[in-house]
Student: 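Take a look at the following structure, please.
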Amino acid sequence: MKREGLSRAERLSRKRDFERVFREGQRLDLPYLRVIYAPNNCDRRRIGFAVSKKVGKAVVRNRIKRLLRETFRRHKEIFPPHCDFVFIPRREVAQLSPPEIARDLAEAFQKCSSGSS
RNA sequence: GGGGGUCGGUCGGCGGUCGCCAGAGGUCUAAGAAACCUCUGGAGGAAAGUCCGGGCUCCACAGGGCAGGGCGCCGGGUAACUCCCGGAGGGGGUAACCCCUGGAAAGUGCCACAGAAAAGAGACCGCCCUGGGCCCCUGGGCCUAGGGUAAGGGUGAAACGGUGGGGUAAGAGCCCACCGCUCCCUCCCGCAAGGGAGGGAGGCACGGCAAACCCCGCCUGGAGAAAGGCCGCAUAGGGGGGCGCUGGAGGGUGGCCCGCCCGAAGCCCCCGGGUAGGCCGCUAGAGCAGCCGGGUAACCGGCUGCCUAGAGGAAUGACCGCCACCCAGGGGAUCGCAAGGUCUCUUGGGCACAGAACCCGGCUUAUGACCGGCCCUCUCCU
RNA sequence: CGGGGCGUAGCGCAGCCUGGCAGCGCACCUGCCUUGGGAGCAGGGGGUCGGCGGUUCAAAUCCGCCCGCCCCGA
């Protein structure tokens, strides 16, 4: 598999996958983004989106998903392995760039893992 | 040159790094899947809102009536339309041009406030006549009762033709002339809505609102791609209730009735329980481009060429560089008396609205900028 | 994909169907009462009727289009 690729196998596409993450997952909050993640039993990280219509029109929602997908694709190493992630963004995400989001997420995951260990 | 009207077109280009979706081919493999490689294709004029109209699919056929809903000058276009084109009448604008459209002499209803009166008119003030009383006194004034009067005043969005004359106690289409209006007839033009001309009748009746009920005419069965079809899995069987067992329960998707069809022994409802995975539908079509022909036009016909996203928790992207385009500031060159124009360099900023979810035709709404055609108007020069 | 509801004063709501006055409660302001406050009493101010058009003499109300919020069904 390509290191910086993002194929369909790396995405969540079933209602029951989403429901499992929401039910069993941990929360990670940024001012502009909430990530819920839970361990899965496959050998890779998978992502999914829950973007409310309140965030914006279809163009804005699509842009947010693309930015977050790009962030994940370029910086998979900062995410915990063997987990499913659901991103719940706020509208401010549309104004950010992938490196900024990656920096904030890396910091947050760092703090989270050091706090739990 | 300025302002305006109208019709149409375009959505930036090139390159780089890392990626996404679909299809085809290949590598690998016993085969398939996965993975990887190559090639090709990959958002819009509104893809939007979901406001109309169709196609398609299912409901036996999509049949009749009622209810409900929609539309409304005339003719044409179309698969169809509430859309489009052409015309008619009315209104607005100097004009190009734009906007509006059945019936109020079938009925019902409403027209607040103000005003005397608001719709088969109406007497508040005023004007006039008559009776009575009082006052100055051959005439009038004031008060009062009855009557006449729609010319004048004032109210209102709206007050039941206008001007002039006759007439009268005062007035009034009461009568007359002209203008306006209504109805009828004939002729001409037009498919028609309607227009024009001529003649006749009528003193004039018919206020407004149907985006109030309504009347008239026309259209309209229902649901929607989670339509629908195939495969797989499941439909175990627990509890309660109802109606039937042979001219018949019940069912066949929309409100009712009829009709029609299925249904001969079971069927229906509620609680509880189970399922919600894959494939097809899914993109070649009222298709797009060019040319020719018909038509004032919308549009139609013929020929040739082309294949142009099709998928899900959702692809068409992220970040750079260069060049275009627009705006603002500064520098230079040049034309000009000047305002300013043209070219060039540079700095900064801008480059909208918006993302296919079965497919088309429209409507509506959101939008930065550029390009082009035609037309109107004002100003200047020759 | 289909359907429904709401938007009126700072807040919560009537009025809309059947068109002419925009109203109610709480809150706010002023005065009285009280040593002061609260309560009470009396008086008062405040609304582009979500926006833009249209019909009408007249629109919160009727008819279009748009905006925002909320809720259903498959």
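Proteins get letters first, then strands, A, B, ... in listed order; numbering begins at 1 in each. Excluded from the calculations below are hydrogen atoms, water molecules and symmetry mates; all remaining heavy atoms, backbone and side chain alike, are included.
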Student: Below 4.5 Å, heavy atoms only, C-beta onward: do A:Ile101 and A:Leu68 meet side chain to side chain?
Tutor: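 With C-beta onward as the side chain, the pair touches.
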Student: Mapping A:Gly48 and A:Val59 onto RNA chain B by nearest heavy atom, which one lands closer to the 5' end?
Tutor: A:Gly48
Student: I want to verify a distance call: between B:A318, B:A314, B:G355, whose nearest atom is closest to the A:Ala58 side chain?
Tutor: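 Per side-chain heavy atoms of A:Ala58, the pick is B:G355.
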Student: What integer distance in Å separates A:Glu19:CD from B:G313:P?
Tutor: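 These atoms are roughly 13 Å apart.
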Student: Take the angle between the ring planes of A:Phe85 and A:Phe79 and call it parallel below 30°, perpendicular above 60°, tilted in between.
Tutor: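 Plane angle over 60°, so perpendicular.
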Student: So what does A:Arg61 hit on the nucleic acid, given a heavy-atom distance under 4.0 Å: a base, only sugar-phosphate, or nothing?
Tutor: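 It contacts nothing in the nucleic acid.
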Student: Nearest whole Å is fine: how far is B:C20 C1' from A:Arg69 CZ?
Tutor: 7 Å
Student: Measure distances between side-chain N and O atoms of A:Arg73 and base N and O atoms of B:C20, and say whether any donor-acceptor pair falls under 3.5 Å.
Tutor: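 No, no donor-acceptor pair under 3.5 Å.
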Student: NA contact type, A:Lys54, heavy-atom cut-off 4.0 Å: base, sugar-phosphate, or nothing?
Tutor: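 It contacts sugar-phosphate atoms only.
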Student: Can you tell which of B:A315, B:C319, B:A354 lies closest to the side chain of A:Arg63?
Tutor: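 The answer is B:C319.
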Student: For RNA chain B, which residues in residues 96-106 of chain A have a heavy atom at a distance below 4.0 Å?
Tutor: A:Pro98
Student: Assess the residue pair A:Glu19 and A:Arg23 against the criterion (salt bridge (Lys or Arg N to Asp or Glu O under 4.0 Å)); give the C-alpha distance rounded to whole Å, side-chain angles, the decisive distance to 0.1 Å, and a yes or no.
Tutor: CA-CA 6 Å; A:Glu19 284 174 346; A:Arg23 197 172 53 246; 5.3 Å; no
Student: A:Lys57 has an atom NZ; how far is it from atom P of C:C67, in whole Å?
Tutor: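 Whole-Å distance recorded here is 7 Å.
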Student: What is the distance from NE2 of A:His75 to C1' of B:G19, rounded to the nearest Å?
Tutor: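 Interatomic distance, NE2 of A:His75 to C1' of B:G19: 13 Å.
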Student: Using atom types as modelled and distance alone, determine if a side-chain donor or acceptor of A:Arg91 lies under 3.5 Å from a backbone N or O of A:Lys54.
Tutor: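 Yes: the side chain of A:Arg91 pairs with the backbone of A:Lys54.
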Student: Could you tell me how far apart A:Ile47 (CD1) and B:A314 (C1') are, to the nearest whole angstrom?
Tutor: 13 Å
Student: Rounding to an integer number of angstrom, what distance separates B:C183 and B:A205 when you compare their P atoms?
Tutor: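 Going atom to atom, P in each nucleotide, I get 15 Å.
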Student: Could you check which nucleotide pairs with C:C26 in any of the strands shown, counting Watson-Crick or G-U wobble with both distances under 3.5 Å?
Tutor: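 Checking every strand shown, C:C26 finds its partner in C:G10, with both distances under 3.5 Å.
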Student: Roughly how many Å is it from CD in A:Glu10 to P in B:G19, rounded to a whole number?
Tutor: 11 Å
Student: In terms of side-chain heavy atoms of A:Arg66, which of B:A354, B:G313, B:A43 is nearest?
Tutor: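 Nearest to the side chain of A:Arg66 among the choices is B:A43.
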Student: Whole Å only: how far is the CG atom of A:Leu68 from the P atom of B:C20?
Tutor: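 My rounded result for the distance is 17 Å.
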Student: CG of A:Asn62 versus P of B:A47: gap in Å, rounded?
Tutor: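 The answer, rounded to whole Å, is 18 Å.
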